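Reading through the structure tokens given below for one structure.
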Amino acid sequence: MKILAFDSSGLVASVAIVQDDNLIAEYTTNYKKTHSQTLLPMLDEIVKMTETDKESFDALAVAAGPGSFTGLRIGSATVKGLALAWNIPVIAVPTLEGLAYNMWGNSRLICPIMDARRKQVYTALYRFDKADRLETIFKQTPMDIIELITLLNDRNEEVVFVGDGIDVYSQTIKENIKVPYAFAPAHMNKQRAGSVAAAAQIRFADGKYQNGDDFAPEYLRQSQAERERTEKEKAVLEKKVD
């Protein structure tokens with residue numbers, strides 16, 4: 001089975017080709033360019049480099065959210081367009097699940113954290129079981145960073161953090177956490193399309209895929225523009241009541 005995978009959920013842009021258990025190619029950047037500038041050129045490059053027929057893919061995999069609203073929309077539009085053109089299914093992988101696959105084989109509690117701003121992170125808790133299957137301990141959700149640390153302290157388990165939230169909240173974690181912990185190193189702590197593809201293989205085998213027309217990203221919360229509009233509407237209503 002040949003999967004073309006994308007992750008544009010955060011600052012990182014990543015594209016990968018995985019065939020069966022082989023990572024054929026992966027192109028990942030974490031630089032000051034928009035995903036609209038990078039994603040399709042990266043796809044073009046790895047397809048040319050590996051001499052891959054674009055219509056030879058069996059499925060598309062994508063980090064389906066949460067994450068950057070703009071990044072998720074670009075990834076979603078790219079995948080939906082390719083799925084329609086090539087008539088192949090889409091495997092939607094929760095972004096934090098993809099991050100957890102960076103830590104495959106780790107025996108500790110895995111806590112992906114992505115910066116959601118306003119002192120919040122998108123987070124979840126995972127663990128690999130004895131059969132190396134990923135278990136979801138706590139579903140992905142937006143959460144205040146201190147609330148997350150309190151939750152981890154209450155669980156009293158050794159934990160490893162992964163994700164771009166480390167860059168923002170490492171000091172807060174160091175000052176407040178009471179359980180043994182570690183931060184994933186540089187080559188493992190950001191989104192990777194190869195990890196998305198690894199998670200997608202399991203999901204495809206379990207029948208968890210869909211048509212491109214049916215796919216939509218999972219934002220988990222309103223965008224900043226939507227929140228501001230809601231707050232304005234609420235203020236207008238309160239003024240009318242007064």
Side-chain angles (χ1 to χ4, degrees), residues 6-14 30 34-35 62-77 79 92-103 108-127 134-155 157 159-179 181-184 188-192 195-196 199 203 208 215-235:
F6 297 88
D7 195 324
S8 59
S9 59
L11 296 176
V12 170
S14 187
N30 182 15
T34 65
H35 296 322
V62 62
S68 156
F69 284 80
T70 302
L72 290 175
R73 285 171 183 148
I74 291 169
S76 173
V79 165
V93 176
T95 301
L96 301 175
E97 183 177 314
L99 271 168
Y101 266 84
N102 288 5
M103 309 305 298
R108 291 172 286 194
L109 192 65
I110 301 167
C111 182
I113 51 173
M114 293 179 65
D115 182 26
R117 303 189 179 179
R118 297 188 175 189
K119 296 184 180 180
Q120 286 200 332
V121 291
Y122 294 118
T123 190
L125 296 176
Y126 301 95
R127 178 183 285 110
L134 189 69
E135 292 182 337
T136 301
I137 308 301
F138 187 85
K139 291 183 179 180
Q140 52 183 28
T141 185
M143 182 180 289
D144 180 89
I145 185 62
I146 294 297
E147 184 183 353
L148 171 61
I149 295 169
T150 301
L151 171 66
L152 293 171
N153 286 339
D154 289 343
R155 289 189 65 90
E157 298 179 62
V159 60
V160 58
F161 293 95
V162 58
D164 62 30
I166 294 173
D167 299 337
V168 182
Y169 297 109
S170 60
Q171 191 58 41
T172 302
I173 292 169
K174 290 175 184 177
E175 291 172 356
N176 293 277
I177 200 159
K178 298 176 183 177
V179 297
Y181 72 94
F183 296 127
M188 301 168 71
N189 67 11
K190 299 294 191 300
Q191 290 92 332
R192 289 184 53 197
S195 294
V196 171
R203 286 182 162 264
K208 296 178 180 178
F215 167 70
E218 184 178 10
Y219 297 112
L220 289 189
R221 70 177 191 182
Q222 293 179 314
S223 68
Q224 182 175 345
E226 289 169 332
R227 289 197 303 272
E228 289 174 355
R229 184 171 64 248
T230 300
E231 289 169 2
K232 286 180 181 178
E233 290 172 351
K234 183 179 177 181

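Predicted model, so just to flag it, every value in this text is computed and none were measured.
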Legend entry - Member of I113, L96, V168 meeting the side chain to side chain contact (heavy atoms under 4.5 Å, CB included) criterion with V121: I113
Any side-chain heavy-atom pair from [X] and [Y] closer than 4.5 angstrom?
X: P112; Y: Y126; value: yes
X: Q120; Y: P142; value: yes
X: V196; Y: F6; value: no
X: V93; Y: R203; value: yes

Legend entry - With E135 via side chain to side chain donor-acceptor pair (under 3.5 Å) - residues at least two apart: none
Legend entry - Stepwise side-chain contact (heavy atoms from CB on, under 4.5 Å) check, Y101 with R192: CA-CA 9 Å; Y101 266 84; R192 289 184 53 197; over 6 Å; no
How far does [atom1] of [X] sit from [atom2] of [Y], to the nearest 0.5 angstrom?
X: S170; Y: E175; atom1: OG; atom2: CD; value: 9.5 Å
X: R127; Y: T136; atom1: CZ; atom2: OG1; value: 11.5 Å
X: N189; Y: L99; atom1: CG; atom2: CG; value: 9.0 Å
X: L151; Y: L148; atom1: CG; atom2: CG; value: 6.0 Å
X: L152; Y: L125; atom1: CG; atom2: CG; value: 6.0 Å
X: L11; Y: T34; atom1: CG; atom2: OG1; value: 12.0 Å

Inset, instruction - Among residues two or more places apart or on two chains, list those pairs meeting salt bridge (Lys or Arg N to Asp or Glu O under 4.0 Å) that have a residue in residues 137-153. - result: none
Legend entry - Partner residues of F161 under the ring-ring contact (aromatic ring centres under 6.0 Å, His included) criterion, sequence neighbours left out: F183
Legend entry - Result of checking N102, D167, D7 against K190 for side chain to side chain donor-acceptor pair (under 3.5 Å):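 Output: one option passes, namely D167.
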Legend entry - Heavy-atom donor-acceptor pair, Q140 side chain to E97 backbone, under 3.5 Å: no
